[in-house]
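In what follows, chains are A, B, ... by sequence order, proteins preceding strands, each numbered from 1. We use all heavy atoms of the structure for the numbers below, so side chains are in, but hydrogens, waters and symmetry mates are not.
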2 protein chains.
Amino acid sequence: MKSLSAAEENYLRTIYKLVTDGLEKVSTNEIAAAVNTKAASVSDMLKKLAEKKLIDYRKYYGVSLTEEGRKTALFIIRRYRLWEVFLVDKLKFNWDEVNAIAEELEHVKAPLLVRRLDEYLGFPKFDPHGDPIPDEFGELSDKPRITLQEVPVGQSGKIVSVSDTSANFLKYLDKVGIYIGAKVLVLEKIEYDGSQELFIDNQKKVFVSKEVAANIQVMLHPN
Amino acid sequence: MKSLSAAEENYLRTIYKLVTDGLEKVSTNEIAAAVNTKAASVSDMLKKLAEKKLIDYRKYYGVSLTEEGRKTALFIIRRYRLWEVFLVDKLKFNWDEVNAIAEELEHVKAPLLVRRLDEYLGFPKFDPHGDPIPDEFGELSDKPRITLQEVPVGQSGKIVSVSDTSANFLKYLDKVGIYIGAKVLVLEKIEYDGSQELFIDNQKKVFVSKEVAANIQVMLHPN
DNA sequence: ACATTTTTTTAGACAAGTCTAAAACTTATA
DNA sequence: TATAAGTTTTAGACTTGTCTAAAAAAATGT
(Lines give C-alpha, C1' and ligand atoms only; values in the text may rest on other atoms or scores of the structure.)
Protein backbone atom coordinates (compact mmCIF):
# COMPACT_ATOMS: atom_id res chain seq x y z
CA MET A 1 0.00 0.00 0.00
CA LYS A 2 1.34 3.39 -1.04
CA SER A 3 2.30 5.79 1.67
CA LEU A 4 0.06 8.84 1.65
CA SER A 5 0.15 12.21 3.33
CA ALA A 6 -2.57 13.16 5.77
CA ALA A 7 -4.08 15.47 3.16
CA GLU A 8 -4.16 12.76 0.52
CA GLU A 9 -5.79 10.39 2.96
CA ASN A 10 -8.43 12.95 3.77
CA TYR A 11 -9.30 13.41 0.14
CA LEU A 12 -9.41 9.70 -0.47
CA ARG A 13 -11.67 8.99 2.47
CA THR A 14 -13.93 11.85 1.47
CA ILE A 15 -14.19 10.63 -2.10
CA TYR A 16 -15.00 7.14 -0.88
CA LYS A 17 -17.69 8.53 1.36
CA LEU A 18 -19.25 10.57 -1.43
CA VAL A 19 -19.09 7.71 -3.91
CA THR A 20 -20.70 5.18 -1.62
CA ASP A 21 -23.24 7.78 -0.63
CA GLY A 22 -24.79 7.09 -3.97
CA LEU A 23 -23.02 9.08 -6.63
CA GLU A 24 -21.21 7.21 -9.37
CA LYS A 25 -18.75 10.00 -9.87
CA VAL A 26 -18.03 12.95 -7.64
CA SER A 27 -17.55 16.54 -8.71
CA THR A 28 -14.69 18.83 -7.82
CA ASN A 29 -17.03 21.21 -6.07
CA GLU A 30 -18.56 18.48 -3.94
CA ILE A 31 -15.12 17.45 -2.80
CA ALA A 32 -14.15 21.04 -2.15
CA ALA A 33 -17.18 21.48 0.09
CA ALA A 34 -16.52 18.21 1.91
CA VAL A 35 -12.87 18.85 2.67
CA ASN A 36 -13.48 22.53 3.28
CA THR A 37 -11.22 23.97 0.65
CA LYS A 38 -11.35 25.59 -2.78
CA ALA A 39 -12.03 23.93 -6.11
CA ALA A 40 -8.60 24.94 -7.37
CA SER A 41 -6.90 23.05 -4.56
CA VAL A 42 -9.05 20.03 -5.28
CA SER A 43 -8.00 20.03 -8.93
CA ASP A 44 -4.36 19.98 -7.88
CA MET A 45 -4.90 17.12 -5.50
CA LEU A 46 -6.94 15.10 -7.97
CA LYS A 47 -4.05 15.22 -10.39
CA LYS A 48 -1.78 13.80 -7.75
CA LEU A 49 -4.15 11.04 -6.74
CA ALA A 50 -4.70 10.15 -10.40
CA GLU A 51 -0.96 9.91 -10.89
CA LYS A 52 -0.83 7.46 -8.02
CA LYS A 53 -3.59 5.48 -9.71
CA LEU A 54 -5.92 5.86 -6.78
CA ILE A 55 -8.69 7.58 -8.70
CA ASP A 56 -9.98 7.71 -12.25
CA TYR A 57 -9.85 11.31 -13.27
CA ARG A 58 -10.86 12.93 -16.52
CA LYS A 59 -10.78 16.68 -16.69
CA TYR A 60 -14.14 18.35 -16.35
CA TYR A 61 -15.79 15.02 -15.57
CA GLY A 62 -16.17 13.58 -12.14
CA VAL A 63 -13.80 11.30 -10.29
CA SER A 64 -14.28 7.76 -9.07
CA LEU A 65 -12.02 5.42 -7.19
CA THR A 66 -9.86 2.79 -8.84
CA GLU A 67 -9.83 -0.63 -7.25
CA GLU A 68 -6.57 0.27 -5.54
CA GLY A 69 -8.06 3.54 -4.38
CA ARG A 70 -11.07 1.77 -2.96
CA LYS A 71 -8.91 -0.65 -1.04
CA THR A 72 -6.67 2.09 0.25
CA ALA A 73 -9.69 4.12 1.33
CA LEU A 74 -11.02 1.15 3.27
CA PHE A 75 -7.91 0.98 5.41
CA ILE A 76 -8.11 4.69 6.12
CA ILE A 77 -11.77 4.32 6.98
CA ARG A 78 -10.95 1.40 9.23
CA ARG A 79 -8.70 3.61 11.31
CA TYR A 80 -11.19 6.40 11.32
CA ARG A 81 -14.12 4.32 12.44
CA LEU A 82 -12.21 2.43 15.10
CA TRP A 83 -11.28 5.74 16.65
CA GLU A 84 -14.90 6.79 16.48
CA VAL A 85 -15.85 3.71 18.45
CA PHE A 86 -13.13 4.45 20.97
CA LEU A 87 -14.29 8.01 21.43
CA VAL A 88 -17.92 7.06 21.92
CA ASP A 89 -17.61 3.76 23.78
CA LYS A 90 -14.66 4.56 25.99
CA LEU A 91 -14.39 8.32 26.26
CA LYS A 92 -18.16 8.87 26.29
CA PHE A 93 -18.36 11.39 23.51
CA ASN A 94 -21.67 11.75 21.71
CA TRP A 95 -21.83 10.23 18.26
CA ASP A 96 -22.13 13.69 16.75
CA GLU A 97 -19.00 15.11 18.42
CA VAL A 98 -16.46 12.65 17.16
CA ASN A 99 -15.98 13.50 13.50
CA ALA A 100 -13.33 16.17 13.81
CA ILE A 101 -11.38 14.28 16.44
CA ALA A 102 -11.46 10.97 14.58
CA GLU A 103 -10.22 12.81 11.52
CA GLU A 104 -7.06 13.75 13.38
CA LEU A 105 -6.57 10.36 14.96
CA GLU A 106 -7.10 8.63 11.64
CA HIS A 107 -3.71 9.78 10.43
CA VAL A 108 -1.77 7.99 13.12
CA LYS A 109 -0.46 5.13 11.09
CA ALA A 110 1.36 2.59 13.27
CA PRO A 111 -0.19 -0.66 12.03
CA LEU A 112 0.20 -2.42 15.35
CA LEU A 113 -1.71 0.39 17.00
CA VAL A 114 -4.72 -0.17 14.79
CA ARG A 115 -4.71 -3.89 15.44
CA ARG A 116 -4.40 -3.44 19.21
CA LEU A 117 -7.11 -0.81 19.23
CA ASP A 118 -9.42 -3.11 17.30
CA GLU A 119 -8.76 -5.87 19.80
CA TYR A 120 -9.21 -3.56 22.76
CA LEU A 121 -12.56 -2.42 21.45
CA GLY A 122 -13.69 -6.01 20.96
CA PHE A 123 -13.44 -6.11 17.16
CA PRO A 124 -16.47 -3.90 16.57
CA LYS A 125 -18.20 -4.41 13.24
CA PHE A 126 -19.94 -1.05 13.06
CA ASP A 127 -19.12 2.45 14.16
CA PRO A 128 -21.41 4.65 16.25
CA HIS A 129 -23.18 5.85 13.10
CA GLY A 130 -23.93 2.30 12.02
CA ASP A 131 -21.35 2.33 9.29
CA PRO A 132 -19.36 -0.87 8.87
CA ILE A 133 -15.72 -1.07 9.95
CA PRO A 134 -13.47 -2.85 7.44
CA ASP A 135 -11.49 -5.71 8.95
CA GLU A 136 -7.72 -6.17 8.73
CA PHE A 137 -8.10 -7.34 5.16
CA GLY A 138 -10.31 -4.45 4.13
CA GLU A 139 -13.43 -6.58 4.15
CA LEU A 140 -16.71 -4.92 5.01
CA SER A 141 -19.62 -6.40 6.86
CA ASP A 142 -22.96 -5.56 5.38
CA LYS A 143 -24.44 -2.39 6.60
CA PRO A 144 -26.82 -3.03 9.44
CA ARG A 145 -30.44 -2.39 8.75
CA ILE A 146 -32.07 -0.66 11.61
CA THR A 147 -35.62 0.56 11.97
CA LEU A 148 -36.38 4.17 11.32
CA GLN A 149 -37.21 4.49 14.98
CA GLU A 150 -33.62 3.83 15.93
CA VAL A 151 -32.11 6.36 13.54
CA PRO A 152 -30.76 9.32 15.50
CA VAL A 153 -31.81 12.86 14.70
CA GLY A 154 -29.63 14.38 12.02
CA GLN A 155 -28.65 11.04 10.56
CA SER A 156 -29.68 10.03 7.06
CA GLY A 157 -30.12 6.68 5.39
CA LYS A 158 -31.76 4.82 2.60
CA ILE A 159 -35.03 3.01 3.03
CA VAL A 160 -34.37 -0.64 2.26
CA SER A 161 -37.43 -2.55 3.37
CA VAL A 162 -40.70 -2.51 5.32
CA SER A 163 -41.99 -5.10 7.78
CA ASP A 164 -45.67 -4.44 7.24
CA THR A 165 -46.48 -5.24 3.65
CA SER A 166 -50.23 -4.72 3.89
CA ALA A 167 -51.77 -2.76 1.06
CA ASN A 168 -53.01 -0.20 3.50
CA PHE A 169 -49.55 0.51 4.80
CA LEU A 170 -47.95 0.64 1.39
CA LYS A 171 -50.66 2.90 0.10
CA TYR A 172 -50.03 5.22 2.99
CA LEU A 173 -46.31 5.24 2.30
CA ASP A 174 -46.93 5.95 -1.33
CA LYS A 175 -49.22 8.81 -0.49
CA VAL A 176 -46.72 10.57 1.77
CA GLY A 177 -43.84 9.96 -0.64
CA ILE A 178 -41.92 7.19 1.10
CA TYR A 179 -40.63 4.37 -1.07
CA ILE A 180 -37.90 1.73 -1.10
CA GLY A 181 -34.68 3.41 -2.12
CA ALA A 182 -35.71 6.85 -0.93
CA LYS A 183 -33.16 8.86 0.98
CA VAL A 184 -34.43 9.77 4.39
CA LEU A 185 -33.08 12.25 6.89
CA VAL A 186 -34.45 12.38 10.43
CA LEU A 187 -35.16 16.02 11.22
CA GLU A 188 -36.75 15.79 14.62
CA LYS A 189 -38.05 13.31 17.13
CA ILE A 190 -40.88 14.02 19.51
CA GLU A 191 -40.04 12.44 22.83
CA TYR A 192 -43.60 12.46 23.96
CA ASP A 193 -45.16 10.07 21.47
CA GLY A 194 -42.20 8.73 19.51
CA SER A 195 -43.29 10.37 16.30
CA GLN A 196 -40.77 12.00 14.01
CA GLU A 197 -40.32 14.38 11.14
CA LEU A 198 -38.46 13.16 8.07
CA PHE A 199 -36.93 14.83 5.04
CA ILE A 200 -37.36 12.62 1.99
CA ASP A 201 -34.92 12.89 -0.92
CA ASN A 202 -33.81 16.31 0.32
CA GLN A 203 -37.17 17.58 -0.87
CA LYS A 204 -40.22 16.75 1.12
CA LYS A 205 -40.94 16.88 4.83
CA VAL A 206 -43.05 14.05 6.20
CA PHE A 207 -44.39 13.40 9.66
CA VAL A 208 -44.66 9.75 10.74
CA SER A 209 -45.89 8.08 13.91
CA LYS A 210 -43.92 5.69 16.09
CA GLU A 211 -45.89 2.77 14.64
CA VAL A 212 -44.99 3.67 11.08
CA ALA A 213 -41.32 4.27 11.91
CA ALA A 214 -41.06 0.87 13.57
CA ASN A 215 -42.07 -0.82 10.33
CA ILE A 216 -39.49 0.81 8.12
CA GLN A 217 -35.96 -0.53 7.78
CA VAL A 218 -33.19 1.83 6.96
CA MET A 219 -29.60 1.43 5.88
CA LEU A 220 -27.53 4.23 7.35
CA HIS A 221 -25.38 6.46 5.23
CA PRO A 222 -21.83 7.30 6.14
CA ASN A 223 -21.43 10.58 7.93
CA MET B 1 -1.68 29.59 24.50
CA LYS B 2 -0.27 30.11 21.02
CA SER B 3 -1.26 27.65 18.35
CA LEU B 4 1.71 25.65 17.16
CA SER B 5 2.37 23.32 14.27
CA ALA B 6 3.16 19.70 14.92
CA ALA B 7 6.79 20.38 14.07
CA GLU B 8 7.04 23.30 16.47
CA GLU B 9 5.50 21.19 19.20
CA ASN B 10 8.00 18.46 18.58
CA TYR B 11 10.90 20.83 18.90
CA LEU B 12 9.49 22.37 22.03
CA ARG B 13 8.89 19.07 23.75
CA THR B 14 12.35 17.90 22.75
CA ILE B 15 14.01 21.04 24.08
CA TYR B 16 12.10 20.68 27.32
CA LYS B 17 13.23 17.10 27.64
CA LEU B 18 16.86 17.98 26.99
CA VAL B 19 16.81 20.93 29.35
CA THR B 20 15.26 19.04 32.24
CA ASP B 21 17.60 16.17 31.53
CA GLY B 22 20.25 18.30 33.12
CA LEU B 23 21.60 20.76 30.61
CA GLU B 24 21.13 24.45 31.23
CA LYS B 25 21.19 25.26 27.58
CA VAL B 26 20.86 22.90 24.66
CA SER B 27 22.95 22.95 21.50
CA THR B 28 21.69 22.97 17.95
CA ASN B 29 23.35 19.65 17.26
CA GLU B 30 21.78 17.98 20.27
CA ILE B 31 18.38 19.09 19.10
CA ALA B 32 19.10 17.96 15.55
CA ALA B 33 20.00 14.51 16.82
CA ALA B 34 16.92 14.32 19.02
CA VAL B 35 14.41 15.34 16.36
CA ASN B 36 16.27 13.45 13.67
CA THR B 37 17.02 16.30 11.33
CA LYS B 38 19.91 18.54 10.27
CA ALA B 39 21.46 21.41 12.18
CA ALA B 40 20.45 23.85 9.46
CA SER B 41 16.79 22.97 9.90
CA VAL B 42 17.13 23.39 13.62
CA SER B 43 18.57 26.88 13.22
CA ASP B 44 15.58 27.87 11.13
CA MET B 45 13.14 26.52 13.65
CA LEU B 46 14.91 28.10 16.60
CA LYS B 47 14.50 31.48 14.98
CA LYS B 48 10.79 30.88 14.68
CA LEU B 49 10.39 29.70 18.24
CA ALA B 50 12.44 32.66 19.47
CA GLU B 51 10.17 35.02 17.53
CA LYS B 52 7.22 33.49 19.32
CA LYS B 53 9.04 34.07 22.62
CA LEU B 54 9.01 30.40 23.49
CA ILE B 55 12.77 30.06 23.75
CA ASP B 56 15.73 32.24 24.60
CA TYR B 57 18.00 32.06 21.63
CA ARG B 58 21.35 33.70 21.08
CA LYS B 59 23.20 32.74 17.93
CA TYR B 60 26.01 30.29 18.43
CA TYR B 61 25.03 29.79 22.08
CA GLY B 62 22.55 27.26 23.29
CA VAL B 63 18.82 27.68 23.73
CA SER B 64 16.70 27.51 26.83
CA LEU B 65 12.98 27.82 27.35
CA THR B 66 11.26 31.03 28.35
CA GLU B 67 8.63 30.80 31.04
CA GLU B 68 5.97 30.75 28.35
CA GLY B 69 7.87 28.09 26.47
CA ARG B 70 8.12 25.96 29.56
CA LYS B 71 4.41 26.21 30.20
CA THR B 72 3.56 25.45 26.61
CA ALA B 73 5.88 22.46 26.63
CA LEU B 74 4.15 21.12 29.72
CA PHE B 75 0.80 20.97 27.95
CA ILE B 76 2.35 19.19 25.00
CA ILE B 77 4.04 16.78 27.36
CA ARG B 78 0.76 16.24 29.17
CA ARG B 79 -0.83 15.00 25.95
CA TYR B 80 2.19 12.91 25.10
CA ARG B 81 2.40 11.17 28.44
CA LEU B 82 -1.31 10.53 28.73
CA TRP B 83 -1.19 8.73 25.41
CA GLU B 84 1.78 6.75 26.66
CA VAL B 85 -0.28 5.60 29.62
CA PHE B 86 -3.13 4.69 27.30
CA LEU B 87 -0.88 2.67 25.04
CA VAL B 88 0.71 0.74 27.88
CA ASP B 89 -2.20 0.38 30.30
CA LYS B 90 -5.00 -0.19 27.83
CA LEU B 91 -3.48 -1.40 24.59
CA LYS B 92 -0.78 -3.48 26.30
CA PHE B 93 2.21 -2.08 24.51
CA ASN B 94 5.57 -2.40 26.20
CA TRP B 95 6.92 0.78 27.71
CA ASP B 96 9.70 0.81 25.14
CA GLU B 97 7.42 0.61 22.11
CA VAL B 98 5.30 3.66 22.75
CA ASN B 99 7.56 6.60 21.97
CA ALA B 100 6.98 6.89 18.26
CA ILE B 101 3.26 6.29 18.52
CA ALA B 102 2.74 8.76 21.36
CA GLU B 103 4.63 11.30 19.30
CA GLU B 104 1.98 11.08 16.63
CA LEU B 105 -0.94 11.07 19.02
CA GLU B 106 0.47 14.02 20.91
CA HIS B 107 -0.45 16.35 18.07
CA VAL B 108 -4.16 15.67 18.27
CA LYS B 109 -5.24 18.82 19.98
CA ALA B 110 -8.95 18.74 20.85
CA PRO B 111 -8.84 19.95 24.46
CA LEU B 112 -11.90 17.98 25.48
CA LEU B 113 -10.23 14.83 24.21
CA VAL B 114 -7.27 15.30 26.52
CA ARG B 115 -9.50 15.89 29.52
CA ARG B 116 -11.65 12.85 28.75
CA LEU B 117 -8.62 10.70 28.19
CA ASP B 118 -7.15 11.81 31.50
CA GLU B 119 -10.40 10.92 33.23
CA TYR B 120 -10.69 7.59 31.45
CA LEU B 121 -7.19 6.67 32.52
CA GLY B 122 -7.97 7.58 36.13
CA PHE B 123 -5.96 10.81 36.27
CA PRO B 124 -2.57 9.12 36.26
CA LYS B 125 0.24 11.10 37.87
CA PHE B 126 3.13 9.36 36.13
CA ASP B 127 3.70 7.83 32.75
CA PRO B 128 5.06 4.32 32.15
CA HIS B 129 8.61 5.62 32.37
CA GLY B 130 7.95 7.17 35.76
CA ASP B 131 7.90 10.69 34.38
CA PRO B 132 5.29 12.99 35.87
CA ILE B 133 2.21 14.01 33.89
CA PRO B 134 1.35 17.70 34.17
CA ASP B 135 -2.23 18.32 35.28
CA GLU B 136 -4.75 20.53 33.50
CA PHE B 137 -3.00 23.58 34.86
CA GLY B 138 0.45 22.44 33.85
CA GLU B 139 1.42 21.47 37.38
CA LEU B 140 3.87 18.63 37.86
CA SER B 141 3.99 16.09 40.63
CA ASP B 142 7.43 15.25 41.91
CA LYS B 143 9.17 12.45 40.22
CA PRO B 144 8.52 9.19 41.96
CA ARG B 145 11.38 7.42 43.61
CA ILE B 146 11.23 3.74 43.02
CA THR B 147 13.56 0.99 44.07
CA LEU B 148 16.13 -0.26 41.65
CA GLN B 149 14.28 -3.55 41.64
CA GLU B 150 11.29 -1.93 39.98
CA VAL B 151 13.24 -0.21 37.22
CA PRO B 152 12.53 -1.93 33.91
CA VAL B 153 15.32 -3.22 31.72
CA GLY B 154 16.62 -0.54 29.39
CA GLN B 155 15.49 2.29 31.64
CA SER B 156 17.97 4.62 33.28
CA GLY B 157 17.78 6.81 36.34
CA LYS B 158 19.72 8.54 39.01
CA ILE B 159 20.43 6.99 42.37
CA VAL B 160 18.86 9.23 44.98
CA SER B 161 18.98 7.30 48.23
CA VAL B 162 19.55 3.97 49.95
CA SER B 163 17.39 2.34 52.64
CA ASP B 164 20.15 0.38 54.28
CA THR B 165 22.69 2.79 55.65
CA SER B 166 24.84 0.25 57.40
CA ALA B 167 28.55 0.69 56.97
CA ASN B 168 28.78 -2.71 55.42
CA PHE B 169 26.28 -1.88 52.74
CA LEU B 170 27.76 1.48 51.95
CA LYS B 171 31.23 0.05 51.82
CA TYR B 172 29.99 -2.52 49.37
CA LEU B 173 28.37 0.14 47.20
CA ASP B 174 31.53 2.18 47.25
CA LYS B 175 33.59 -0.78 46.23
CA VAL B 176 31.46 -1.61 43.17
CA GLY B 177 31.18 2.05 42.16
CA ILE B 178 27.61 2.87 43.14
CA TYR B 179 27.03 6.24 44.83
CA ILE B 180 24.27 8.78 45.35
CA GLY B 181 23.90 10.80 42.20
CA ALA B 182 25.30 8.11 39.93
CA LYS B 183 23.52 7.46 36.70
CA VAL B 184 22.35 3.90 36.48
CA LEU B 185 21.05 1.97 33.50
CA VAL B 186 19.48 -1.45 33.94
CA LEU B 187 21.05 -3.76 31.37
CA GLU B 188 19.54 -7.07 32.27
CA LYS B 189 17.42 -8.78 34.86
CA ILE B 190 17.75 -12.41 35.80
CA GLU B 191 14.26 -13.79 36.33
CA TYR B 192 15.54 -16.68 38.33
CA ASP B 193 16.99 -14.93 41.34
CA GLY B 194 16.00 -11.29 40.81
CA SER B 195 19.56 -10.15 40.35
CA GLN B 196 20.45 -7.61 37.71
CA GLU B 197 23.26 -6.10 35.73
CA LEU B 198 23.73 -2.34 35.82
CA PHE B 199 25.68 0.16 33.80
CA ILE B 200 26.96 2.93 36.03
CA ASP B 201 27.67 6.39 34.58
CA ASN B 202 27.83 4.89 31.10
CA GLN B 203 31.12 3.34 32.12
CA LYS B 204 31.09 0.44 34.44
CA LYS B 205 29.08 -2.76 34.50
CA VAL B 206 28.02 -3.97 37.92
CA PHE B 207 26.12 -7.05 39.00
CA VAL B 208 23.85 -6.67 42.03
CA SER B 209 21.61 -9.11 43.88
CA LYS B 210 17.88 -8.68 44.49
CA GLU B 211 18.62 -7.69 48.10
CA VAL B 212 20.95 -4.92 47.09
CA ALA B 213 18.59 -3.60 44.41
CA ALA B 214 15.70 -3.45 46.87
CA ASN B 215 17.69 -1.06 49.05
CA ILE B 216 18.50 1.47 46.38
CA GLN B 217 16.09 4.25 45.43
CA VAL B 218 16.17 5.63 41.95
CA MET B 219 14.67 8.64 40.24
CA LEU B 220 13.83 7.75 36.67
CA HIS B 221 15.09 9.78 33.77
CA PRO B 222 12.83 10.90 30.97
CA ASN B 223 12.95 8.78 27.89
C1' DA C 1 -28.17 27.80 -31.42
C1' DC C 2 -26.23 31.40 -28.93
C1' DA C 3 -25.37 34.00 -24.87
C1' DT C 4 -25.07 33.60 -20.02
C1' DT C 5 -24.01 31.28 -15.91
C1' DT C 6 -21.66 27.79 -13.47
C1' DT C 7 -18.02 24.63 -12.88
C1' DT C 8 -13.42 23.30 -13.43
C1' DT C 9 -8.75 23.97 -14.57
C1' DT C 10 -4.49 26.62 -15.07
C1' DA C 11 -1.09 30.00 -13.77
C1' DG C 12 1.36 32.12 -10.43
C1' DA C 13 2.14 33.20 -5.60
C1' DC C 14 2.88 31.98 -0.83
C1' DA C 15 4.03 29.58 3.75
C1' DA C 16 6.02 25.79 6.22
C1' DG C 17 9.54 22.76 6.74
C1' DT C 18 13.22 20.43 4.96
C1' DC C 19 17.77 19.87 2.52
C1' DT C 20 22.86 20.76 0.73
C1' DA C 21 26.73 23.64 0.31
C1' DA C 22 29.22 27.26 1.82
C1' DA C 23 30.27 30.93 5.08
C1' DA C 24 30.81 32.51 9.89
C1' DC C 25 31.88 31.63 14.27
C1' DT C 26 33.82 28.99 18.42
C1' DT C 27 36.79 25.69 20.55
C1' DA C 28 40.65 22.80 20.77
C1' DT C 29 45.46 21.94 19.87
C1' DA C 30 50.08 22.36 18.74
C1' DT D 1 48.43 32.51 19.28
C1' DA D 2 47.81 30.60 14.94
C1' DT D 3 45.77 27.00 12.78
C1' DA D 4 42.91 23.13 12.54
C1' DA D 5 38.65 21.03 13.73
C1' DG D 6 34.08 21.27 14.95
C1' DT D 7 29.70 23.70 15.30
C1' DT D 8 26.25 26.83 13.85
C1' DT D 9 24.22 29.89 10.67
C1' DT D 10 23.07 31.64 6.09
C1' DA D 11 21.84 31.23 1.31
C1' DG D 12 19.35 29.14 -1.95
C1' DA D 13 16.65 25.30 -3.60
C1' DC D 14 12.85 21.99 -3.26
C1' DT D 15 8.24 19.82 -1.80
C1' DT D 16 3.59 19.96 -0.21
C1' DG D 17 -0.60 22.02 0.07
C1' DT D 18 -2.94 25.99 -0.09
C1' DC D 19 -4.80 30.40 -2.23
C1' DT D 20 -6.62 34.14 -5.83
C1' DA D 21 -7.41 35.54 -10.38
C1' DA D 22 -8.11 34.42 -14.84
C1' DA D 23 -8.91 31.16 -18.65
C1' DA D 24 -11.30 27.14 -20.45
C1' DA D 25 -14.99 23.98 -20.67
C1' DA D 26 -19.70 22.50 -19.77
C1' DA D 27 -24.46 23.34 -18.62
C1' DT D 28 -28.48 26.23 -18.92
C1' DG D 29 -32.14 29.12 -20.71
C1' DT D 30 -34.55 31.39 -24.09
Whether [X] contacts [N] is assessed here as follows: a side-chain N or O lying under 4.0 Å from the phosphate OP1 or OP2. Is that the case?
X        : N       : answer
Ser41(B) : dC19(C) : yes
Tyr11(A) : dT16(D) : no
Asn29(A) : dT8(C)  : yes
Thr37(A) : dC19(D) : yes
Ser27(A) : dT8(C)  : yes

Quiz item: Between Ala40(A) and Ser43(B), which is nearer to the 5' end of DNA chain D once each is assigned its nearest nucleotide?
Solution: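 With Ser43(B) and Ala40(A) compared, the 5'-side residue is Ser43(B).
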What is the distance from [atom1] of [X] to [atom2] of [N], rounded to the nearest Å?
X        : N       : atom1 : atom2 : answer
Glu30(B) : dG6(D)  : CD    : P     : 17 Å
Ile31(B) : dT8(D)  : CD1   : C1'   : 11 Å
Asp44(A) : dG12(C) : CG    : P     : 13 Å
Leu46(B) : dT10(D) : CG    : C1'   : 14 Å
Met45(B) : dA15(C) : CE    : C1'   : 12 Å
Lys47(B) : dA11(D) : NZ    : P     : 8 Å

Self-check item: Polar contact flag, side-chain donor to acceptor under 3.5 angstrom, Asn10(B)-Tyr80(B)
Solution: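 Their side chains do not contain a donor-acceptor pair, so the 3.5 Å distance test is not met.
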Quiz item: Taking it one step at a time, do Val212(A) and Tyr172(A) satisfy side chain to side chain contact (heavy atoms under 4.5 Å, CB included)?
Solution: CA-CA 10 Å; Val212(A) 170; Tyr172(A) 161 76; 3.7 Å; yes
Practice problem: Among the candidates dT9(D), dT8(C), dT20(C), find the nucleotide nearest to the side-chain atoms of Lys38(B). | Solution: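 Closest nucleotide to the Lys38(B) side chain: dT20(C).
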Rounded at 0.5 Å granularity, tell me how far [atom1] in [X] sits from [atom2] in [Y].
X         : Y         : atom1 : atom2 : answer
Arg79(B)  : Lys109(B) : CZ    : NZ    : 5.5 Å
Gln217(A) : Ile146(A) : CD    : CD1   : 10.0 Å
Lys47(A)  : Asp44(A)  : NZ    : CG    : 5.0 Å

Quiz prompt | Passing option when Arg78(B) is tested against Asp127(B), Asp118(B), Asp135(B) for side chain to side chain donor-acceptor pair (under 3.5 Å) | solution =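 Testing each of Asp127(B), Asp118(B), Asp135(B) against Arg78(B), the sole residue satisfying side chain to side chain donor-acceptor pair (under 3.5 Å) is Asp118(B).
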Exercise. Taking only heavy atoms on the protein side, list every residue of residues 58-65 of chain B lying under 4.0 Å from any atom of DNA chain D, sorted numerically.
Key: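 Going residue by residue through residues 58-65 of chain B, the ones with a heavy atom under 4.0 Å of DNA chain D turn out to be Lys59(B), Tyr60(B).
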Self-check item: Partner set under ring pair (Phe, Tyr, Trp, His ring centres under 6.0 Å) for Tyr11(B), not counting sequence neighbours
Solution: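 Testing Tyr11(B) for ring pair (Phe, Tyr, Trp, His ring centres under 6.0 Å), a comparison that skips the adjacent residues, returns none.
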